[in-house]
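To keep things clear, I will list the structure first and then write my remarks on it.
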Number of protein chains: 2
Amino acid sequence: MSSLSTQPEFSPRQNAVLDSALRLLVDGGERALTTAGVARAANCSKESLYKWFGDRDGILSAMIGYQASKVRTLEERAETLTGESLRAHLVVFARDLLDVLSGDVSLALNRLAIGQASRDGSHLGQMLQERGRRQIGKRAGGLLDAGRRAGLLRFDNGEEAYGVLYGLIVTDLHLRMLLGEDVKPTQQDFSRRAERAVDAFLDLYGTKRQTAKP
Amino acid sequence: MSSLSTQPEFSPRQNAVLDSALRLLVDGGERALTTAGVARAANCSKESLYKWFGDRDGILSAMIGYQASKVRTLEERAETLTGESLRAHLVVFARDLLDVLSGDVSLALNRLAIGQASRDGSHLGQMLQERGRRQIGKRAGGLLDAGRRAGLLRFDNGEEAYGVLYGLIVTDLHLRMLLGEDVKPTQQDFSRRAERAVDAFLDLYGTKRQTAKP
DNA sequence: GAAGAACCGTACCGTACGGTACTAACCTGG
DNA sequence: CCAGGTTAGTACCGTACGGTACGGTTCTTC
C-alpha cells in the first residue's frame with residue numbers, strides 16, 4: 001500500500017533472509033520456496049519468518065519489494081540533447097532493459113508472479129508492474145519527452161511511443177526466456193539488438209533522418 | 001517429439017476430459033487443477049486419468065497438445081499480392097495474433113508453462129513454443145516472404161523482420177495480461193493496434209511508401 | 001444372455017507443506 | 001549476576017494433493 005516515500009522496509013537481518021529466499025527461488029523455482037526451506041537456508045526459525053512477514057505471501061511480497069529496491073533505476077539527466085546523444089541514451093536504456101529482463105532474479109520473480117496471477121488477491125503481479133515496469137517506463141518516458149522537446153522526436157501519445165520502443169527492443173525475447181528457452185544472451189547480441197531497435201524506433205519517430213511523408 | 005503427421009492424439013471421450021481440465025484451469029488457475037478436481041469435473045475416475053495420461057504432467061502435456069490442435073492456424077495462400085492486400089493480410093494476422101494471445105485458455109496455459117519452467121524436465125514451455133509460436137510464426141514468415149518476392153518488402157533476415165512485426169503488434173501487452181492486469185481489450189482497440197503496428201512495420205520494411213534513404 | 005473389458009465413484013495411503021507451540025540459547029540493560 | 005526479550009531449532013498439527021486399489025456398474029461382443 002505504501003510503496004512511495006521512505007517506508008520502513010526491513011532490517012538488515014531480514015534483508016539477508018530475503019536474499020536467501022531469492023537465491024532459493026532462482027535455483028529451484030517456486031516449488032523449492034517453502035517456509036521450512038527459507039528458514040533452513042537463512043538459519044532462522046519459521047516462527048521468525050511468520051513474525052516478520054506474516055505469512056508466505058508476505059514473504060513473496062517482501063522479496064519483490066526488496067529486489068526492486070536493489071535495482072533502482074538511475075535517473076539520468078540529459079542536459080543538452082543532440083541527435084547523437086539521444087540515440088546513445090536510448091541505446092543505453094535498451095541495453096539496461098535487456099539486462100534487467102534477462103536477469104536470473106527478474107525471471108524468477110516474474111515467473112512467480114505470473115504463476116500466482118490467477119489466484120484471487122494476488123497483488124504480486126501488480127507489485128511487479130508498479131515497482132518494475134513503471135519505474136523503467138518513467139525513465140524512458142522522460143527520455144522520450146526530452147527528445148520531443150529538443151525537436152528530435154515526433155509523437156502524439158507518449159505511452160504509445162514507449163510501447164513501440166519496448167516492443168522493438170524486447171520483441172518476444174522475454175516470453176521465450178520466461179518459458180525456459182535456453183537463450184544464450186551474449187553481451188554483444190544485446191548491444192546489437194539494442195542498436196537495431198533504437199535505429200528502427202528513430203526511423204519511426206525521429207525527425208532528422210525522416211526525409212518526407214507523401 | 002512427433003508433432004507432425006497424424007499422431008494418435010486422443011479419443012473423443014479423452015478430449016472431453018481435456019476440455020473440462022482446460023475449463024478448470026482457466027477458472028481457477030493451476031491450484032485448482034488437481035487430479036481429483038479434473039476427475040470430478042469430467043465425471044471420470046482418477047484411475048482412468050492415470051491410465052490415459054500416465055501422470056499429472058501427462059495431463060498437462062495433453063492439454064497443451066489438445067488446445068494447439070484446436071487453434072490450428074489457417075494457411076492462407078495469397079495469390080496476387082498488392083501493396084494493399086499485403087497490408088490487409090498483415091492486419092488480419094496481427095488481429096488474429098492479438099486474439100489468440102489474449103484468449104483465456106492461451107493465457108492460462110502460458111501461465112501454467114511459465115510456472116513450471118523452472119522445474120527440471122518441464123517440456124511444457126518447449127511444447128508451447130513448438131505448437132504455438134512456431135505455427136503462427138510460420139504463417140507470418142510465409143506472408144513476409146511473399147511480400148518480399150512481390151517486391152513490396154525489403155529485409156535480409158526474415159526472423160528478425162518477424163521479430164520486429166511481433167514486437168510492434170504485441171509490445172508488452174502479453175506480459176501485462178500474463179501478470180493479471182485487467183486489460184479490457186475491445187475488439188476496436190485490437191483493430192486499431194493491429195493497424196498501427198502494421199503501418200509502422202511497413203514504414204520500416206516496406207518499399208512503397210519509403211521515399212528515399214539518404 | 002453371459003463373459004469380459006472398460007470405467008465410475010470412492011476410499012485409502014504416503015508425503016509434503018503452511019502454520020503454530022514450545023524450549024533452550026543468546027543477547028541487553030541494570 | 002539477574003530479568004526481560006528475542007530468536008534458533010524442533011516438534012507437532014491439520015490439510016491437501018498425487019497416486020493406487022477395489023467394488024460396483026455399464027458397455028461391448030459373441
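Throughout, a chain's letter reflects where its sequence line sits, starting with A, and its residues are numbered from 1.
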Protein-nucleotide distance ([X], atom [atom1]; [N], atom [atom2]), rounded to Å:
X: Leu60(B); N: dG19(D); atom1: CG; atom2: P; value: 10 Å
X: Ile59(A); N: dG19(C); atom1: CD1; atom2: C1'; value: 11 Å
X: Arg56(A); N: dA16(C); atom1: CZ; atom2: C1'; value: 12 Å
X: Arg13(B); N: dC27(D); atom1: CZ; atom2: P; value: 12 Å
X: Asp57(A); N: dC17(C); atom1: CG; atom2: P; value: 17 Å
X: Lys46(A); N: dA21(C); atom1: NZ; atom2: P; value: 13 Å
X: Leu49(B); N: dA21(D); atom1: CG; atom2: C1'; value: 15 Å
X: Tyr50(A); N: dC12(D); atom1: OH; atom2: P; value: 18 Å

For a quick check under 3.5 Å, do [X] and [Y] share a side-chain donor-acceptor pair by atom type?
X: Gln135(B); Y: Glu130(B); answer: no
X: Gln129(A); Y: Glu181(B); answer: yes
X: Ser48(B); Y: Arg13(B); answer: no

[N], OP1 or OP2 - any side-chain N/O from [X] closer than 4.0 Å?
X: Ser48(B); N: dC8(C); result: yes
X: Arg31(B); N: dG18(C); result: no
X: Trp52(B); N: dC7(C); result: yes

message: Base, sugar-phosphate or nothing for Arg40(A)? Non-hydrogen atoms, less than 4.0 Å.
response: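 Here Arg40(A) touches no strand at all.
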- prompt: 5'-most contact on DNA chain C: Gly54(A) or Asn43(B), nearest heavy atom basis?
  reply: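 Closer to the 5' end of DNA chain C: Asn43(B).
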Which nucleotide sits closest to the side chain of [X]: [options]?
X: Thr35(B); options: dC8(C), dT7(D), dG18(D); result: dG18(D)
X: Glu47(A); options: dC8(C), dT7(D), dC22(C); result: dC22(C)
X: Asp55(B); options: dA8(D), dG19(D), dC17(C); result: dG19(D)
X: Ser45(A); options: dG19(D), dC17(C), dG9(D); result: dG9(D)

query: Within a strict 4.5 Å, meaning less than it, do heavy atoms of the Asn15(A) and Asp19(A) side chains meet?
result: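 A side-chain contact under 4.5 Å is absent here.
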message: Does the Lys NZ or Arg CZ of Arg148(B) fall within the cation-pi geometry relative to Phe155(B) - under 6.0 Å from the ring centre and within 45° of the axis?
response: yes
